[in-house]
Amino acid sequence: MAADLLSGLNPAQRDAVSAGTGAVLVLAGPGSGKTRVLTHRIAYLIGEMGIPPRGIMAVTFTNKAAAEMRSRAESLLDGHIDGLQIGTFHSICARILRIEADHLPSGYGRDYVIYDSDDQTALMKTVVAEMRIDPKKFSPGRILNGISGAKNELITPAEYASSDYFTEIVKRAYPIYQERLRNNNALDFDDLLMMTVTMLRDDEIVRQKYQRRSEHVLIDEFQDTNTAQYKLIRLLGGYHGNLFAVGDEDQSIYAFRGADYRNVQQFRKDYPEARVILLEQNYRSTQIVLDAARSIIDKNKNRTPKQLFTDKEGGSLVTVHEAYSEGEEGEWVVERVRALMRRQGYSYRDIAVMYRINALSRTLEDAFKATGVPYRIVGGVSFYQRREIRDLVAYLRVINNPIDTISLNRIINTPTRGIGDKTVTTFHDWVAARGRGYLEALEAIANGTLIPVTGRSGKALAEFASLIIDLRKIAFPGDDTPTDLTVLFDELTARIRYVAYLPEISTTPEQVQERLENIQALRGLVSSKKDLRLDDFLADVSLNTEAEPVEESGEQIANSVTLLTLHAAKGLEYPVVFIAGVEDGLLPHSRSFADADEMAEERRLMYVGLTRARDHLFLSYAFRRSLYGESIPSIPSRFLADIPAHLTEGASLKVRHMTEREAYKEATRWDSDTPSRPAQTGRAKIFEFDSRAAASKDRAASLPTPTPGLKYKPGMHVYHPKFGTGIVVDSRRSGSDEEVSVRFEDKQFGLKRLMAEFANMRIIP
DNA sequence: CTTATTGCCATTTTT
DNA sequence: TGGCAATAAG
């Protein structure tokens, strides 16, 4: 068995899989077989070390990863994995909280609901309204972001410290928001983590229970953990101390969600005796691809250097292409796709087109549509985001937990039944005044004992109350008969005549049909889980946001080119990878210019994209790009200049021969006039750029690389006589002068590129 | 209560 | 450019 288990592994993988007890940190480069290591580790623990499956807890970020790990472990162990705990951080926490519901803060019960971001926003809107805050200035979303950040750091409302007016608003909103959640018996995703950590930390009994059980804790994608998640695994592993963390700092691309790759370094500090194992053998890409990727990532600091290597020596060069416009970029991509099919025998499914922002999918999609090359876009509205699904799930939520006012408000007049805003408000006020809760209120209204609203709408309200109460009787029959959820679902859709309502919320017959199919799919899902308790079913739904029960029509999908964002591409691989829009401002994204950490993350994003490719890489940028309604000259990504010329081919440099003087004129002509045409500077960069000559020339002088030691630096505040005050976002040498990118406060001017010598700017200290 | 209009905004998003 | 959400009018 041991021989079997370890025989197919390379030495580093074997070390990791067969490591003894204690903390282990596996730094796994892209394509180095990290899932293999994790699954074999599980098999090794059970098969060789005799650990009972229930003593093992494996934590992932996505359901997909959890499912894959489970099935691979299962096949390695011939199905002997009963009790093995594999799940996402959130699902594991949700389960613990449900089991230990007695230890939750008062107001919460086992039947709590999980609010997704739409629910959160709806709730926060009520908070903002109550606080009399201008939602334009402080949007619910931004406030929620602030709160989420705090929760990820395990900061309570009381501990939250404000540092400016915005965070002061967050500080005020946070406790109110939490109170509202509790009033609704609801937790948001961040609460699941934070409350579990709090519970394990503060409750000796609960802590011991889970610590004793967790003999071995394995963590996937460790670089993506936030503070709460790291704390969670430290707590779970706190008794046995067997933490097996697998990750790669270079693939950390979720900082904006609180992920902190420095947890990898922290792990080494927290467990100084930990074994650290590097997986550097790559089983995916050619050496050329790896070399190109490495030229990008090696520029980052604060990382563990890795020397990825592969048996796939050589490979074809990275193709760099300049298109005139985004439209021609799309055409070029499709053209290359067809050539790959014709000449090299690839299938559509072997090819992926990646981009930094979703907006780029549109023009690419147009090109695919025009030529009839089959494609699919990853992302978009997930199943559970669909209106009809949300409506029906909201009904189930209210049946389960009538105090969930966000869901209640969603459905109280859906389908339309004559209950308007005024009635709703009156109803809520009335319930609040009685102080007895929603369930009792609905019961009283249903049987006519109490009438909060008179007249026509009062009648409608009473009917609604009866509906909910009746459905509750089906869901909870009283005796301990388990309810078939399908029965409940069918009764629900019949009673509210939801299908008849569909045309009202649809614009085309096709849309009606689509919604109908979605409802069928939901019914299928219900039926496959019909024996679950309603609250467990709802938790399941909330925690499986990605699941797409509808398989879209047939073989087209099965073999088509994949279009997806770089973020969505993480963890995937394709024989051929295109990255479109490799331009400064897109990749790296302009929002990251002013912050070195964010810029480093953009670099990792590029790295993730490059390392998805098995054989071929195509990178493209457009000379001018229309985005958000305006056409702007663009600059090739600074990252392109980091790839050594001998690894690339192509890079059409049609206009390379423009003289320095001409280029300078181009660059400055927009500076002095027409404020109505902002951001139209900087063409000179394009003319100067030459990715092939780059490596052989003096880099600092010839390339758009941010150069330290110039007069303006990112973050500086400046004053311009015409444009007012702004913040320096970027600065680089341009000929003998300095080209400064400034984001002006006045939105009318926005981001501008100016030549320092002529711009007559003042630095504000 | 539905429908039309306007105005604003636009990275990424595993749960 | 276009999609959505808040607002005004039918």
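A quick note: this is a predicted structure, and the numbers were derived from the prediction, not measured. Reminder, nothing fancy here: chain letters follow the sequence lines and each chain counts from 1. Heavy-atom basis, side chains included; hydrogens, waters and symmetry copies ignored.
Checking B/dC1, B/dA10, B/dT13 against the side-chain heavy atoms of A/His567 singles out B/dT13 as nearest. Which of B/dT15, B/dT14, B/dT12 sits closest to the side chain of A/Asp224 comes down to B/dT14. For A/Thr416, the side-chain atoms get nearest to B/dT2 when compared with the rest of B/dT13, B/dT2, B/dT14. Closest approach to the A/Asn413 side chain among C/dG3, B/dC1, B/dT14 is made by B/dC1 (side chain taken as heavy atoms from C-beta onward). Nearest to the side-chain atoms of A/Phe256 among the listed nucleotides B/dA10, B/dT12, B/dT15 stands B/dT12.
As a whole-Å value, the separation of A/Ile86 CD1 from B/dT15 C1' is 18 Å. Atom CD of A/Glu630 and atom P of C/dG2 are 14 Å apart (whole Å). Rounded to a whole Å, the CD atom of A/Glu601 is 13 Å from the P atom of B/dT13. Whole-Å rounding puts the A/Leu461 CG to B/dC1 P distance at 12 Å. With rounding to whole Å, A/Glu504 atom CD is found 11 Å from B/dC1 atom C1'. B/dT14 atom P lies 15 Å from atom OH of A/Tyr384, rounded to whole Å. Distance CG (A/Leu193) to P (B/dT14): 15 Å, rounded to an integer number of Å. Rounded to an integer number of Å, the gap from A/Asp190 CG to B/dT13 C1' is 12 Å.
In this structure, A/Ile419 reaches the sugar-phosphate backbone alone: every heavy-atom distance under 4.0 Å involves primed, P, OP1 or OP2 atoms, never a base. No contact: A/Gln229 has no heavy atom under 4.0 Å from any strand. Residue-level contact check: A/Tyr254 touches the bases, meaning some heavy atom is under 4.0 Å from a base atom.
At B/dT15, none of the side-chain N or O atoms of A/Thr62 fall inside 4.0 Å of OP1 or OP2 (strictly under the cut-off). Side-chain N/O atoms of A/Arg362 include one lying less than 4.0 angstrom from OP1 or OP2 on C/dG3. Distances shorter than 4.0 Å separate some side-chain N or O of A/Asn358 from OP1 or OP2 on B/dT12. Residue A/Lys125 places at least one side-chain N or O under 4.0 Å from the OP1 or OP2 atom of C/dA6.
Using modelled atom types, one finds a donor on one side chain and an acceptor on the other under 3.5 Å when comparing A/Thr88 with A/Ser91. In the model, A/Thr227 has no side-chain atom that pairs as donor or acceptor with a side-chain atom of A/Asn152 under 3.5 Å. Checked by atom type, the side-chain pair A/Tyr112/A/Asn401 shows no donor-acceptor distance below 3.5 Å. Side-chain contact check for A/Arg356 and A/Thr565: no donor-acceptor pair (N or O, by modelled atom type) lies under 3.5 Å.
The aromatic rings of A/Phe222 and A/Tyr230 lie perpendicular to each other, with more than 60° between the two planes, well past the 30° mark.
As rounded to the nearest Å, B/dT12 and C/dA5 have C1' atoms that lie 23 Å from one another. Spacing of P atoms, B/dT13 relative to C/dC4, comes out at 16 Å, to the nearest Å.
Residues passing the side chain to side chain donor-acceptor pair (under 3.5 Å) test with A/Tyr177, sequence neighbours excluded: A/Gln120, A/Asp188.
Both A/Asp421 and A/Ser91 lie close to DNA chain B; mapped to their nearest nucleotides by heavy-atom distance, the more 5′-ward contact belongs to A/Asp421.
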